[in-house]
Structure formats: C-alpha cells, structure tokens
Number of protein chains: 2
Amino acid sequence: MPTRFTNRKDQIVQIAAELFSKKGYSATSMRDIAEHMKMEAASLYNHISSKEDILHTICFTTADRFINAIDEVNDIYFNGEEKLRMAVKNHIQILTDNMAEAQVFLREWRHLNEENIQAFIQLRDRYEKGIQSILQTGIDENVFQEVDKKFATLNILSSVNWIVEWYRPDGNMSPEEIADKISDFLLTGLHKKQPF
Amino acid sequence: MPTRFTNRKDQIVQIAAELFSKKGYSATSMRDIAEHMKMEAASLYNHISSKEDILHTICFTTADRFINAIDEVNDIYFNGEEKLRMAVKNHIQILTDNMAEAQVFLREWRHLNEENIQAFIQLRDRYEKGIQSILQTGIDENVFQEVDKKFATLNILSSVNWIVEWYRPDGNMSPEEIADKISDFLLTGLHKKQPF
DNA sequence: CCTACCGATCGGTAGG
DNA sequence: CCTACCGATCGGTAGG
C-alpha cells in the first residue's frame, strides 16, 4: 500500500520538522517523534530509514521549493525590479507556508552527513546564482547600481531569511506585506532620495 | 588560586564555543570538550558547574559586548549616519573577533533554560532599542526616510549577523571593508539615485 | 505496528 | 585533576 506508506512518512517528516525547529535536530529523539506520532520509536523505521533520512527529506524538499520558485521567476518575469520583487515574495511565501521546515532548512542542515552537506550547498549555490542573475538584469537595464552581486545577494537572503526568527502567522503583517516592505527597503535603503 | 581558576574556565569556554559552533550545543559532549582540554570529563566540573553554565557564559559575555558597543555609539557619536556606520562597524568587529562565540550566541541560545532565555531576550531587545534610537536620530535630522524602525532594525541586524555564515578571517575582505559595504547598501539600496 | 532488547554514550557525582 | 561509577537515554535491530 504505497499511498498509505507515503502519507505516513509525510506525517513523520512534518512532526519531526516541528520538533527539530523547536528543540534542534540533536536534542530531538526518535522517541520524541514517536510519541507525537502515537507509536513506538521502533515503528518509525517502517517508514523512514534513519533519523538523518528525516532531516535529509526536510532540507532537500525545501531546497527544491526555493529552486523551483527562482527558476520560475527567471523564466517568466521581465525586468529586474519586477523579478526581484517576485523572488522576494515567493521566497517569503515558502518560508511562511512551511515555517518549521524552513527553520530546519536554515538552521539544522549542518547535521546532515558530509556528502549530503555537499549536495545541499550546491543547491543553495544554484539558488544564489538565480538571485545574482536577477541583479544582473537590473544592472543591465541601468536601474540597479553596479553592486557586488555576490555580496548583495547575501544581503538580500539574510534579510528575507531572518523573517523566520520573528514571523508569526497570527501577527499583524501578512507575508505579502512583509515582502513589499523588504523589497522597498532593499531597493531604496534608509537615505532620503534628495536629502538636501 | 583564583587566577589560575579563571583562566582555566576561560579556556574551557573558548574550546566549548568552538565545538558548539561547529557541531551544535546538543551534539557536543562534555567528553568532547574534555578531550580538547586534555583532561577527563569529570575534571571539567572543578571549573564549571554544568554544560549549560558554559553556554550561559558564552551567550551573556557576547551580549555584553554588543550592549557596551551600542551604548558607546549612542553616547559619543553625533549624527544618525555616523552612528549607524559606527554601530555596524562595532557589531561586525565583535562578530569577527569572536567568531565561535558569536555563532553560538546567534544559533544556540535556544538551548538555555527557560529563565535564562528570558534574560537573554531582554538583553537582545535592549540592543535593538539602541539601533532603533540611531534610526530615530537620522529621521529627526531629515536624512533617513520615515521607516518602520522596528522593521528596519531587524533588517539591519539580519544583514550584519549573516556575516558569520560566510566570513573567513583569511578571506579577501576585512571586517572594516565589510562594514563599509554593508552600511552603503543599507543606506542607499539597490536603486540608482536618478534612475532615468 | 509492537515487544524486547542491544551496545554506546550521555551529563554528572562521590571520593580521594 | 583522576578513577570509578551512576541512572538515563540514545539510535537502531531482530523477530514476529
């Protein structure tokens, strides 16, 4: 019964993501996860092969979401500012739609084993390249300053990723509002346009 | 012999900070730390009272550094832009001078016990207030836009804190260069000043 | 999906 | 600072 099987794994991954994000990967035990699944720890192994298998699934599923989103932006939208706003919006949507997984993706990937870390970093690099190419578009259009793209990309990603530290679904800002505000901030900075 | 005692605790804290930053707090064992100290795990307890005592020391020592730095900036410097640049520079200097502790401060504070977490968050909030008051200075001078200060502060902190994810002491950017570049980016954003 | 269990390791203490 | 040790818990397997 593969369907039931898959569902069950998804449930485990979801519950594990919540525990990993709350307590950290290492401090979460298989018995913790099992308890929330209302089963014995040993039974988990009918659905997953190891604790790291769960972490791997979380990290790479989330990475795929990001990569699909950036590819879509670079395929569809046209000018740099539009692309950037769309990329920021998609990024934040992924974060806020999957808070627990996103936090694990951002904080716990270091606990993957060595070869999975390599693959993970490659996906992350590919995503960063996607952002960089957006910046290049804006520069080519003479709309963005000639910034150091690598540096600016890290700045952009840090701003959007930090959201998981304070975003609350029941807070007074929607993901879209946050995205607009962040994009505004990234585009114009603190300075007044004509200060004097 | 209190001096020798203090020194020994500092050594333990330093080595623990490196291990905590590399492997995470929970995945680092007292035996790991002891091994790097070339002593037995039991002997560590002559210098520290518990594993969490070490984490506590790291987190609160680092918090003190940040708070002293921001208070100094708000005492000495005058205008908003100058203050912001100085605050960013100091912040980055603290991060890069104490990479391991800073990473633990940023990533591992969640493993403090509940009441220490409360105290920790209070210190962090005080620091954020310090940044906000810098922004207010710039706004009052009519040099900064009327931004949402809380939101802008989180943006600024995310940018500077993300540095610990990629900064390497042997890289090709000095902490001062990074500080200048980040300040420029925060102040002016991606847009060209007169785009058309 | 469970019972029963494994060897390994954990943070920490007693006592010197 | 060490030896010797504690009870608890870890990820995971065997076998049904």
Side-chain angles (χ1 to χ4, degrees), chain A residues 1-59 104 108-117, chain B residues 1-59 104 108-117:
Chain A
M1 275 171 246
T3 317
R4 202 173 121 260
F5 242 60
T6 319
N7 266 333
R8 216 72 177 118
K9 172 161 182 177
D10 287 349
Q11 287 171 35
I12 293 171
V13 167
Q14 184 57 44
I15 279 176
E18 251 130 55
L19 292 168
F20 291 170
S21 77
K22 209 174 298 171
K23 313 171 50 165
Y25 176 74
S26 300
T28 302
S29 70
M30 295 304 283
R31 283 158 181 85
D32 279 337
I33 299 169
E35 200 180 326
H36 283 81
M37 286 294 294
K38 288 170 194 187
M39 45 166 75
E40 295 303 314
S43 306
L44 294 170
Y45 291 88
N46 286 298
H47 307 288
I48 51 102
S49 63
S50 66
K51 191 182 176 188
E52 206 208 313
D53 177 23
I54 304 176
L55 179 62
H56 180 275
T57 304
I58 297 170
C59 289
V104 174
E108 305 295 328
W109 58 271
R110 268 169 261 266
H111 294 102
L112 292 167
N113 71 37
E114 216 171 315
E115 71 181 303
N116 284 334
I117 285 190
Chain B
M1 275 171 247
T3 316
R4 204 173 121 261
F5 242 59
T6 319
N7 266 332
R8 216 74 177 117
K9 172 159 182 179
D10 287 350
Q11 287 171 35
I12 292 170
V13 167
Q14 183 57 43
I15 279 176
E18 250 130 56
L19 292 168
F20 290 170
S21 76
K22 209 175 297 175
K23 313 170 50 164
Y25 175 73
S26 300
T28 302
S29 69
M30 295 303 282
R31 283 157 182 85
D32 280 337
I33 299 169
E35 200 180 327
H36 283 80
M37 287 293 294
K38 288 168 195 189
M39 44 166 74
E40 294 303 315
S43 306
L44 294 170
Y45 291 88
N46 287 297
H47 306 288
I48 51 101
S49 63
S50 67
K51 191 182 176 187
E52 205 207 313
D53 176 24
I54 304 177
L55 180 62
H56 180 275
T57 304
I58 297 171
C59 289
V104 174
E108 305 295 328
W109 59 270
R110 268 168 261 264
H111 295 102
L112 292 166
N113 71 37
E114 217 172 314
E115 70 182 303
N116 285 334
I117 286 190

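Note that the coordinates shown come from a computational prediction; the quantities given were computed from them, not determined experimentally. Residue numbering restarts at 1 for every chain, and letters A, B, ... go by the order of the sequence lines.
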Letter by letter from the 5' end, nucleotides 10-16 of chain D scores (B base, S sugar-phosphate only, - none; protein heavy atoms under 4.0 Å) SBBB---

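With rounding to whole Å, Leu44(B) atom CG is found 9 Å from dC2(D) atom P. Going from atom CD of Glu40(A) over to atom P of dC5(C) covers 15 Å, rounded to whole Å.
The CD1 atom of Ile58(B) sits 11.5 Å away from the NE2 atom of His56(B) when rounded to the nearest 0.5 Å. Rounded to the nearest 0.5 Å, atoms CD (Glu108(B)) and OG (Ser26(B)) are 7.0 Å apart. With rounding to the nearest 0.5 Å, the separation of CD1 in Ile48(A) from CD1 in Ile33(A) is 7.0 Å.
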Would Met37(A) and His47(A) satisfy side chain to side chain contact (heavy atoms under 4.5 Å, CB included), going step by step from the backbone distance to the final call? CA-CA 12 Å; Met37(A) 286 294 294; His47(A) 307 288; over 6 Å; no

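Within the 3.5 Å criterion, the main-chain N or O of Ser29(B) finds a donor-acceptor partner in the side chain of Asp32(B).
Checking dG15(D) for Watson-Crick or G-U wobble geometry (two distances, each under 3.5 Å) identifies dC2(C) as its partner.
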